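Down below is the structure, laid out as structure tokens.
Both counts, for ligands and for their atoms, begin at 1 and track the order of listing. It should be emphasised that the depicted structure is a prediction, and the values quoted were computed from it without experimental measurement.
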Amino acid sequence: MEGGLFSAHKPTYLLLLLHIFLLALLPFKAISSPKTQAEALLSWKNTFYDAPPSLTSWSLTNLNNLCNWYAIVCDQNSEQVSQIDLSNFNIDATLTDFNFAPFLNLTQFNLNGNNFGGPIPSAIGNLSKLTTLDLGNNFFGQEIPVEISKLTKLKYLSFFNNSLTGAIPYQLFNLQNVQFLILGRNNFFFETPGWSKFSGMPSLTYLDLSGNYFHSVFPKFISECRNLTFLDLSENFLTGQIPEQVFTNLGKLEYLNLTNNRFQGPLPSNFPKLKHLHLAVNAFAGPIPEDIGWISGLQRIELHTNSLQGPIPSSIGQLRELQHLDLQMNFLDSSIPSELGFCTSLTYLNLTSNHLEGKIPPSIGQLRGLLYLDLSNNSLNSSIPSELGFCTSLTYLALASNELNGELPLSLSNLTNIIDLSLFANRFTGPLLPSLLSNWTEVVSLQLQHNSFSGNIPPEIGLLRKLDVLYLNDNKFSASIPSDIGRLSVLRSLDLSRNHLSGSIPPTLWNLPHIQSVNLSNNNLNGPFRLRGNFDLSNNNFTPEIQKAPNNSKKHKKVIIGVLVPVCGLSVVAITIALIRMFHKKTKRALKKINSAENFENFESMILQEEVKFTFGEVVKAVDDFHEKYCIGKGGFGRVYKAELLSGQVVAVKRLNMSDSNDIPAINLQSFENEIRTLTNVRHRNIIRLYGFCSRRGCIFLLYEYLERGSLGKALYGVDGVTELGWATRVKVVKGLAHALSYLHHDCSPPNCQQCVARVRFRSPTF
Ligand SMILES: *[C@@H]1O[C@H](CO)[C@@H](O)[C@H](O)[C@H]1NC(C)=O
Ligand SMILES: *[C@@H]1O[C@H](CO)[C@@H](O)[C@H](O)[C@H]1NC(C)=O
Ligand SMILES: *[C@@H]1O[C@H](CO)[C@@H](O)[C@H](O)[C@H]1NC(C)=O
Ligand SMILES: *[C@@H]1O[C@H](CO)[C@@H](O)[C@H](O)[C@H]1NC(C)=O
Ligand SMILES: *[C@@H]1O[C@H](CO)[C@@H](O)[C@H](O)[C@H]1NC(C)=O
Ligand SMILES: *[C@@H]1O[C@H](CO)[C@@H](O)[C@H](O)[C@H]1NC(C)=O
Ligand SMILES: *[C@@H]1O[C@H](CO)[C@@H](O)[C@H](O)[C@H]1NC(C)=O
Ligand SMILES: *[C@@H]1O[C@H](CO)[C@@H](O)[C@H](O)[C@H]1NC(C)=O
Ligand SMILES: *[C@@H]1O[C@H](CO)[C@@H](O)[C@H](O)[C@H]1NC(C)=O
Ligand SMILES: *[C@@H]1O[C@H](CO)[C@@H](O)[C@H](O)[C@H]1NC(C)=O
Ligand SMILES: *[C@@H]1O[C@H](CO)[C@@H](O)[C@H](O)[C@H]1NC(C)=O
């Protein structure tokens, strides 16, 4: 091209000059090539969105200094770029803008951990000297270009964690030198026939095909990759049994991860060199083979969530290097083999949710390095062996939901590192010894509920300064609640219900700064107390003045039902379970009367459902500030107005005049507001939508969906003696109500909304 320009300007000297030029070019060739490489890199860099500051050396002024550029390695002889390592530069660009032509001698190309997107260009197949190509942890898309198979020198090839799709080209198996093939976490797919053209890659030691969409049996070619030490097929849709050949051929395997597939049949186990066996979340069945104990190098075994049956083989005791054993969620039975105590490297042991029975072997005390021990949800029926006290590293101990019995051994006071202790739902008896508590100073969650512990709650409980959750409910604890409980400064949840606690509630309890829920119900507590948020104090013996309250509020209940039902002329059914429930609950907690009018006067609040498009002001305007002509129903408790908004939407407004009824019980306004807020989110076809709520100047306004149906009262009892409803329909109405109620109690989220069943008005089922 330069020759062409030349000839245009100086035609006469063409031949001579061309000759000189070409001569000059020869010695320059080795030098100019780095320059074209530098220029190619620069123009690529110019396409980066926000080039990283560390690449400032990649600049025009530095063109002749290519071999000193950051992230570049040159070949010492040719002074050409041999390696490009841009891993973890957070670069946002594509490879389509990269000119491959000047880099045909590149041996290593690493773009791992950036934001490269777009396709992988087929020109990459020209980099025939590449031994390492790492495009992992980027956003490359589309299919792998088949030209990759021309890179026969490759030893390391990674496309890990991209968005590549389609089939993996079988020609990849030309890459007979490749040792690391990492295609995990993409969107590749295959069904069984897709693998048939693949053949073994003898050099392969590391194969990762995890996290793709392989719907097939175990890919056959893998059993021909006899040098494999690492195999990860996890998170696919692989089915069937593991073929026999796999066991016989893959004798060098050290890491096997088949987690989260649909494999069936017996467990593959006889890989003599195996260190990591991860077969969790599959459908493996049958027993854990006895010969697992001969894989002496095993460090981690994860078999959870399968259908394994039978006992835990005693041979497991030979696994002296075993650190992690997770067998939870299977059908393992019999007792825990005492040989487990020989696995002295164990730090994690999870056998939860099996059918294990019998005793906790005392040999477990030999596991001095154990950090996590979970035997919960089995049928173990011994006492806790005192040897467990030797496991002084334990931070997490769960023995819940068994049939364990007896007293807690004093030796547990040695568990000074314990953070989470759950022994609930067993048959433990005896006292909670002060010396136990005084050493458990790290404990954050202590769950001893549903047992038969007795005696007092020791004041030493106050030493557990990190306690967040304390559940002692459903035991036989007696005497009074120690005031030291007020020292648990980070406690959030306390349940002491269903015990034999007596005396008064220590005042310190009310001052805990982080407390969110307290349940003291079903005890013999008495004396004065203050009402507060989520405190359940029901079924106790609180003092006589306070006990008067229930009588009062029964009257309210009647008033409220008697008053509200007539108001609901608009909807087909109107039920005020809310108020009933709420007031009922408050009676249990003992109500204190306050001057409600005054209180509501100051209570200004407005809650509108999120999707609602109108404002409260528009509603007020639509009914001309509650003009009589918009009133469509009246009752002792208030009036109902029909508001036709500018948008055409029709809304029913119920206006409750609180100052008119002086003996409204004191409801906690904050919790009332919370409950209304929950109700505005309730959706059920048999419940009339509550759009919103507003409290102003002693009035409460409820905004409902407007229904043109008349009143259920009229429908049930008839107008002028003529009934409209047959019995079949009445049954339907009741069923519909039942559905709606059940929904409020069980299905509607947030889950606590059954506690707040408030003024809900029910739409009758369509009939
Ligand atoms: C590749 O390297 C060889 C020898 O080092 C050299 O002869 C050749 O020109 C180089 N090719 C390119 C495109 O730089
Ligand atoms: C590079 O690859 C492309 C497409 O695979 C091909 O057309 C082109 O000729 C190759 N260039 C060189 C310099 O090899
Ligand atoms: C996948 O790559 C993205 C982007 O680099 C990264 O944020 C994410 O952590 C990676 N995921 C895994 C499993 O490595
Ligand atoms: C398999 O691995 C052994 C040693 O690890 C090595 O000597 C041998 O060359 C490898 N086989 C192939 C085909 O790469
Ligand atoms: C095994 O695979 C699962 C699923 O991909 C993964 O979460 C887990 O980390 C892997 N296990 C190990 C030890 O790498
Ligand atoms: C307890 O184990 C059984 C199977 O033995 C299982 O179905 C159940 O979900 C487990 N319960 C919990 C709370 O994990
Ligand atoms: C524990 O259960 C086993 C069998 O499940 C039974 O033989 C044994 O008597 C039980 N032991 C106790 C103390 O209940
Ligand atoms: C044991 O497994 C269960 C179920 O996955 C889990 O809830 C529990 O936290 C695990 N135990 C430990 C100590 O990790
Ligand atoms: C606590 O552990 C030490 C040694 O670890 C042991 O000597 C002592 O007997 C244990 N205490 C109890 C109460 O078991
Ligand atoms: C409390 O723990 C220490 C070790 O930290 C131990 O020596 C002591 O015996 C324990 N206290 C009791 C009462 O066991
Ligand atoms: C308090 O405990 C009792 C009995 O243990 C239980 O029935 C009740 O639902 C609990 N209250 C709250 C608010 O959770």
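Closest heavy-atom approach to atom 1 (C) of ligand 11 among the candidates N499, N519, L496: N519.
Taking a cut-off of under 4.0 Å to the non-hydrogen atoms of N522, the atoms of ligand 11 that pass are 4 (C). The atoms of ligand 11 that sit less than 4.0 Å from any heavy atom of D536 are 1 (C), 8 (C), 10 (C), 11 (N), 12 (C), 13 (C). Taking every non-hydrogen atom of P202 and a distance limit under 4.0 Å, the qualifying atoms of ligand 4 come out as 12 (C), 13 (C), 14 (O). Listed by number with element, the atoms of ligand 4 under 4.0 angstrom from any heavy atom of S203 are 14 (O).
Contact annotation for R226 and ligand 4: no heavy atom of the residue comes within less than 4.0 Å of the ligand.
Aromatic pair Y206/F230: ring centres closer than 6.0 Å. Separation of the Y255 and H278 ring centroids falls under the 6.0 Å cut-off. Remark: aromatic rings of F221 and Y170 are distant, center separation not under 6.0 Å. Ring pair F247/F271: centre-to-centre distance below 6.0 Å.
The protein non-hydrogen atom at the shortest distance from atom 2 (O) of ligand 3 is N161 ND2, 2.2 Å. Among all protein heavy atoms, the one lying closest to atom 4 (C) of ligand 4 is K252 NZ, 4.0 Å. If you check which protein heavy atom lies closest to atom 13 (C) of ligand 3, you get R185 CD, 4.0 Å. When hydrogens are left out, the protein atom nearest atom 5 (O) of ligand 3 is N137 O, 3.3 Å; that is the closest non-hydrogen contact. From the protein, the heavy atom lying nearest to atom 12 (C) of ligand 4 is N227 ND2, 3.5 Å.
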CA sep, side-chain torsions, deciding dist, call: N522, N539, side chain to side chain donor-acceptor pair (under 3.5 Å): CA-CA 5 Å; N522 298 286; N539 296 340; 2.9 Å; yes
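For atom 7 (O) of ligand 3, the nearest protein heavy atom is 4.0 Å or more away.
Relative ring orientation between F140 and F116 is described as parallel, the plane-to-plane angle staying below 30° on a 0-90° scale split at 30° and 60°.
The closest donor-acceptor contact from the side chain of T131 to the backbone of T107 lies under 3.5 Å. No donor-acceptor pair closer than 3.5 Å links the side chain of N426 to the backbone N or O of F428.
If you check the side chains of K153 and N177, you find no donor sitting under 3.5 Å from an acceptor.
Checked against a 3.5 angstrom limit, the closest N/O atoms of N473 and ligand 11 fall outside it.
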